[in-house]
Amino acid sequence: MNELAKHNEARRQEIIKLRDIIRKRRAESPVPSFADYPLTRLQERITHVLREHSGQADVTWEIDVLDRSKFGADFAVRLTGLLKEHGSKEYIESDVPRIAEALAGPELADVVAQVTHKGIYVNVRLVNHWFLAGVQAVIDLAERFGHNDTRSSRAQVVDYSSPNVAKVLHAGHFRSTMIGHVLANLYEACGAVVYRINHINDFGGFGFMLEGFRRFDPYFPPTLGNNERLLEIYAIRRTLERAVAASEGLSAADEREHQILTRYFPGASTAEELRAAYEGFVAAADERFQKLEEGDADEVALWRRMVEWSLAGFQPFYTALDIDIDFVIGESFYLEAGNSLVDEAISNGSAFELTKRRVCEEVAELDRAVAAEEITIPMRDQAVALLEKDIGAIVVPLPSGERLVVRRSDGRSIYATRDLGAIKLRREIFDPTDINYVVGQEQRVHFNRLFQAAQVLGIATATKPKFQHTYFGFYVDAATGKKLSSRESVAGVNELLAAAVTHFRARSAEGGTMTEEELDQAARQLAVGSIVFNDLKRDMKGSVSIARGDLTPIIADFEKSGGPYVVYSACRARAILRKYGKPVPHLREIGAFELSDQEALLIFRILEFPDKAAKAADEDNPSILVRHLLEIAGIYNSYYASAPVLEGNKANKSRLMITRAAQLVLTTGLKLCHVECPPKI
RNA sequence: GCCCCCGUAGCUCAGCCGGAUAGAGCAAGCGACUUCUAAUCGCUAGGCCGCAGGUUCGAGUCCUGCCGGGGGCGCCA
């Protein structure tokens with residue numbers, strides 16, 4: 001067994017052990033049943049009544065939440081199917097009164113106070129007791145309120161963060177890390193077993209690292225640490241590539257490039273000399289990579305050390321965000337599985353070498369299509385160009401007509417090889433129902449092909465695992481609207497966090513009563529919270545614009561993001577409960593009580609929380625959750641300002657209950673968003 | 001060239017498997033702190049929902065075309 005295989009076998013045992021721990025943890029923390037939530041039960045009862053009265057088994061209806069102060073009702077019921085089938089005229093004239101009558105009937109008399117109708121809407125006002133009973137249900141479940149079993153039959157691999165070893169973390173990793181982590185939290189809250197995987201790109205391009213580390217050793221500045229050397233090698237490679245591509249000598253290089261080229265390639269100054277240096281470097285790097293792939297002991301040992309340096313370099317970032325991803329698995333782990341998969345595919349014919357002859361045949365077919373006017377000449381030319389580029393590589397033809405290159409013409413693996421290997425091994429180890437890749441939008445084409453290839457190669461069926469590429473937009477420069485290159489965005493990540501902490505540290509509301517430690521803690525949590533909200537409150541497919549240079553406007557945006565607002569709201573509720581100092585009253589202790597329009601809306605929104613969490617998970621869209629929290633916080637803040645809970649030594653019991661429910665839902669929601677709510681702010 | 005995303009208030013965005021008078025936040029203006037601590041609350045103002053057709057009883061939402069902005073199209077990851 002070679003060194004790489006040995007290393008991977010040991011890793012596999014560690015991974016399996018951790019997998020079992022996670023499975024056990026899941027089994028030991030059961031989630032509440034979605035069907036038992038007050039809103040689900042109400043909807044179920046309404047469906048039942050509508051079904052009984054229409055005599056139809058399949059009744060589709062939608063609920064529109066209303067504001068009592070505006071409509072006098074809590075929600076509207078709309079039977080979309082019937083509306084479409086009958087048209088609005090008939091629906092309004094005959095269906096609407098019938099629906100209203102059914103909803104006002106004896107079956108729902110204990111929960112429905114009033115039913116009115118106007119146009120296509122049947123408006124329902126619920127009895128006040130239903131709301132307070134709902135609040136009690138929230139209080140009973142406490143921190144588990146919102147968690148549900150909608151995904152309890154699923155095992156989900158969530159692949160996120162995915163930094164490149166020997167490169168700097170950039171803003172894209174920042175987004176991937178937070179979005180992925182929050183999504184994983186959501187799936188877990190919905191009952192799934194979640195395997196969080198940080199897929200470390202630790203293999204591609206490593207020939208350059210292994211070669212460069214030795215080749216440039218005499219020239220590295222002595223102050224350069226190990227990890228910095230790796231980054232330097234990457235910079236050297238990129239600089240040289242650019243210089244060679246430009247076909248100009250040293251004279252055309254800018255100051256930084258000039259400095260690099262003369263330091264590491266002394267004596268090379270003309271375009272030809274640089275090209276020669278480049279070719280020598282590439283050839284030696286290729287050789288190193290091949291030895292690494294073969295498991296050569298020396299190369300594997302150095303490679304492992306390099307990966308460790310790099311991971312240690314990433315750690316401050318993960319520590320600052322307080323994110324610990326369970327499985328940190330390099331793509332090298334999947335190399336062998338990928339290679340044998342490709343070998344198998346070649347032998348059974350699902351993959352083959354794209355030879356010149358095959359290309360000629362395909363070109364002939366394209367020419368025929370042109371002659372038959374099925375395609376245009378530019379389309380043909382483009383297809384030909386794509387074909388010719390892949391000559392010599394091992395390809396998998398896909399149902400879409402595209403190809404996926406799975407092995408280079410020199411026999412070496414590429415990322416597609418290892419991504420396929422990853423699918424195979426992940427199925428073996430985790431047996432997931434879903435594999436979710438939280439990776440930037442620029443990789444859409446890659447994943448689209450990868451998922452197709454997985455089916456072609458028989459490591460996936462049409463339904464299992466369910467593949468999902470959850471993509472997001474990038475950061476753009478606020479001034480130009482253009483994408484921030486990774487070189488421009490690299491610096492900011494950790495500094496941004498530090499600046500945000502400093503900012504919130506100076507803004508404390510309860511500063512006078514807080515210890516230094518509490519202040520630090522609150523500031524850190526607010527910083528993380530504001531960053532998460534800034535990223536996740538809008539649809540993540542869009543880009544996020546970032547002002548450059550001065551951090552002040554960015555931090556100001558963070559404050560406006562709403563994260564601190566939600567945290568603040570939860571803290572206000574918590575302050576009331578703290579002042580009250582006793583457990584909140586139980587529904588049983590409440591006699592007659594008033595319920596304001598605002599309270600009705602607030603409670604309804606709180607009771608919607610499980611639905612929103614499930615919906616956000618189903619649509620892989622954290623912004624649904626984030627916006628709902630902002631909505632609840634908004635109503636609560638308004639309520640807080642106008643409805644005193646404690647007056648002198650008198651406490652309003654129903655308001656105490658509502659305050660507790662609001663505090664619970666906000667705290668739990670924030671936690672799903674990876675924001676811990678500090679006790680004081 | 002092909003493909004993808006986005007055009008809604010001055011700005012940032014919700015709303016998109018069609019439905020009530022198109023909603024928030026920020027910015028602007030006015031008002032509220034001896035308080036459950038104002039990181040807050042209340043009020044005011046602000047919209048040919050990019051343009052043109054089409055489908056429909058009904059379109060910001062669906063379809064087609066166009067215009068404008070951004071991105072992707074490596075034997076890199």
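When A:Tyr160, A:Tyr471, A:Phe451 are each tested for a ring pair (Phe, Tyr, Trp, His ring centres under 6.0 Å) with A:Tyr437, only one passes: A:Phe451.
For A:Tyr568, the side-chain atoms get nearest to B:U40 when compared with the rest of B:C36, B:U40, B:G72. Distances from the side chain of A:Pro564 to the nucleotides B:A39, B:C75, B:A14 place B:A39 closest. The side chain of A:Ile681 has B:A39 as its nearest neighbour among B:A39, B:C75, B:C36. Between B:C36, B:C5, B:C2, one nucleotide has an atom nearer to the side chain of A:Gln382 than all others, and that is B:C2. Taking only side-chain atoms of A:Lys84, from C-beta outward, the nucleotide of B:G18, B:A77, B:A20 with the closest atom is B:G18. The side chain of A:Arg408 lies closest to B:C76, out of B:C4, B:C76, B:G71. Relative to the side chain of A:Val445, the nucleotides B:A39, B:G72, B:C36 differ in distance, and B:G72 lies closest.
Spacing of C1' atoms, B:U64 relative to B:U12, comes out at 31 Å, to the nearest Å. On the C1' atoms, B:G68 is 23 Å away from B:A14, given to the nearest whole Å. Here the separation of B:C76 from B:C13, taken at their C1' atoms, is 35 Å to the nearest Å. Spacing of P atoms, B:C11 relative to B:G1, comes out at 30 Å, to the nearest Å. A gap of 15 Å separates the P atoms of B:A20 and B:A24, to the nearest Å. Nucleotides B:C16 and B:C5 are separated by 15 Å at their C1' atoms, to the nearest Å. To the nearest whole angstrom, the two P atoms, one in B:A59 and one in B:C63, are 16 Å apart. For the C1' atom pair drawn from B:G69 and B:C57, the interatomic distance equals 37 Å after rounding to whole Å.
Using a cut-off of 4.0 Å between Lys/Arg side-chain N and Asp/Glu carboxylate O, A:Arg407 and A:Glu353 are scored as not salt-bridged. No salt bridge links A:Asp74 with A:Arg125; every basic N to acidic carboxylate O contact stays at or beyond 4.0 Å.
If you measure from atom CZ of A:Arg627 to atom C1' of B:G23, you get 12 Å, rounded to the nearest angstrom. Spacing between atom CD1 of A:Ile120 and atom P of B:A20 amounts to 7 Å, rounded to whole angstrom units. Spacing between atom CG of A:Leu630 and atom P of B:A39 amounts to 18 Å, rounded to whole angstrom units. Nucleotide B:G74 holds its C1' atom 9 Å from the CG atom of A:Asp390, rounded to whole Å. Here B:A39 presents its P atom at 15 Å from OH of A:Tyr636, a figure rounded to the nearest Å. A:His469 has its NE2 atom 16 Å from the P atom of B:C4, to the nearest Å. Rounded to whole Å, the distance from CG on A:Leu526 to C1' on B:U40 is 15 Å. For A:Tyr565 and B:A38, the OH to C1' distance is 12 Å, given to the nearest whole Å.
Counting any heavy atom pair closer than 4.0 Å across all strands shown, A:Leu646 reaches a base atom. Residue A:Lys389 is classed as a base contact, given a heavy-atom separation below 4.0 Å to a base. As judged by a 4.0 angstrom heavy-atom cut-off over every strand, A:Arg78 is placed among the base-contacting residues. Residue A:Glu442 is in sugar-phosphate contact alone, with no base atom involved, counting any heavy-atom pair closer than 4.0 Å across all strands shown. Residue A:Ala573 is classed as having no contact, given no heavy-atom separation below 4.0 Å to the nucleic acid. Within the nucleic acid shown, A:Ala643 comes within 4.0 Å of at least one base atom, counting heavy atoms only. Within 4.0 Å (heavy atoms only), A:Glu647 reaches no atom of the nucleic acid at all. Here A:Asn123 lies in heavy-atom contact (under 4.0 Å) with a base. Contacts of A:Gly204 with the nucleic acid, taken as non-hydrogen atoms under 4.0 Å apart, involve only primed sugar atoms and P, OP1 or OP2. Using a 4.0 Å heavy-atom cutoff across all strands shown, A:Val405 reaches sugar-phosphate atoms only and no base atom. A:Arg418 comes within contact range of the sugar-phosphate backbone alone, with a heavy-atom separation under 4.0 Å but no base atom that close. Note on A:Tyr640: a base of the nucleic acid sits closer than 4.0 angstrom, heavy atoms only. Within 4.0 Å of A:Arg538, counting heavy atoms only, lie sugar-phosphate atoms of the nucleic acid but no base atom. At the heavy-atom level, A:Phe504 lies under 4.0 Å from base atoms of the strands shown.
Residue A:Leu666 holds its CG atom at 6.0 Å from OG of A:Ser569, rounded to the nearest 0.5 Å. Put simply, CD on A:Gln521 and CZ on A:Arg505 are 12.0 Å apart, with the number rounded to the nearest 0.5 Å.
Using a 3.5 Å distance cut-off with no hydrogens or angles, the side chains of A:Asn123 and A:His117 do not pair a donor with an acceptor.
Using the six-membered ring where Trp is involved, A:Phe604 and A:Phe75 have ring planes that are tilted, between 30° and 60° apart.
Aromatic rings of A:Phe206 and A:Phe289 (six-membered ring for Trp) have centroids beyond the 6.0 Å cut-off, not under it.
With hydrogens and angles left out, the side chain of A:Tyr415 and the base of B:A77 share a donor-acceptor pair within 3.5 Å.
For B:G42, one of the phosphate oxygens OP1 or OP2 lies less than 4.0 angstrom from a side-chain nitrogen or oxygen of A:Ser638.
Stem regions annotated for RNA chain B: B:1-7 with B:67-73, B:10-13 with B:23-26, B:28-32 with B:40-44, B:50-54 with B:62-66, counting only runs of 3 or more consecutive pairs of Watson-Crick or G-U type with both contacts under 3.5 Å.
Every residue was checked against the salt bridge (charged side-chain N to carboxylate O under 4.0 Å, His left out) condition with A:Glu647, not counting sequence neighbours, and none meets it. Annotation: salt bridge (charged side-chain N to carboxylate O under 4.0 Å, His left out) contacts of A:Glu241 (sequence neighbours excluded): A:Arg237, A:Arg238.
Around the NZ atom of A:Lys680, the shell of radius 6.0 Å holds more than 12 heavy atoms that belong to other residues, nucleotides or ligands.
Heavy-atom distances to RNA chain B give each of A:Asp539 and A:Ala633 a nearest nucleotide, and the one nearer the 5′ end belongs to A:Asp539. Where A:Lys541 and A:Phe71 each meet RNA chain B at their nearest nucleotide, the meeting point lying more 5' is that of A:Lys541.
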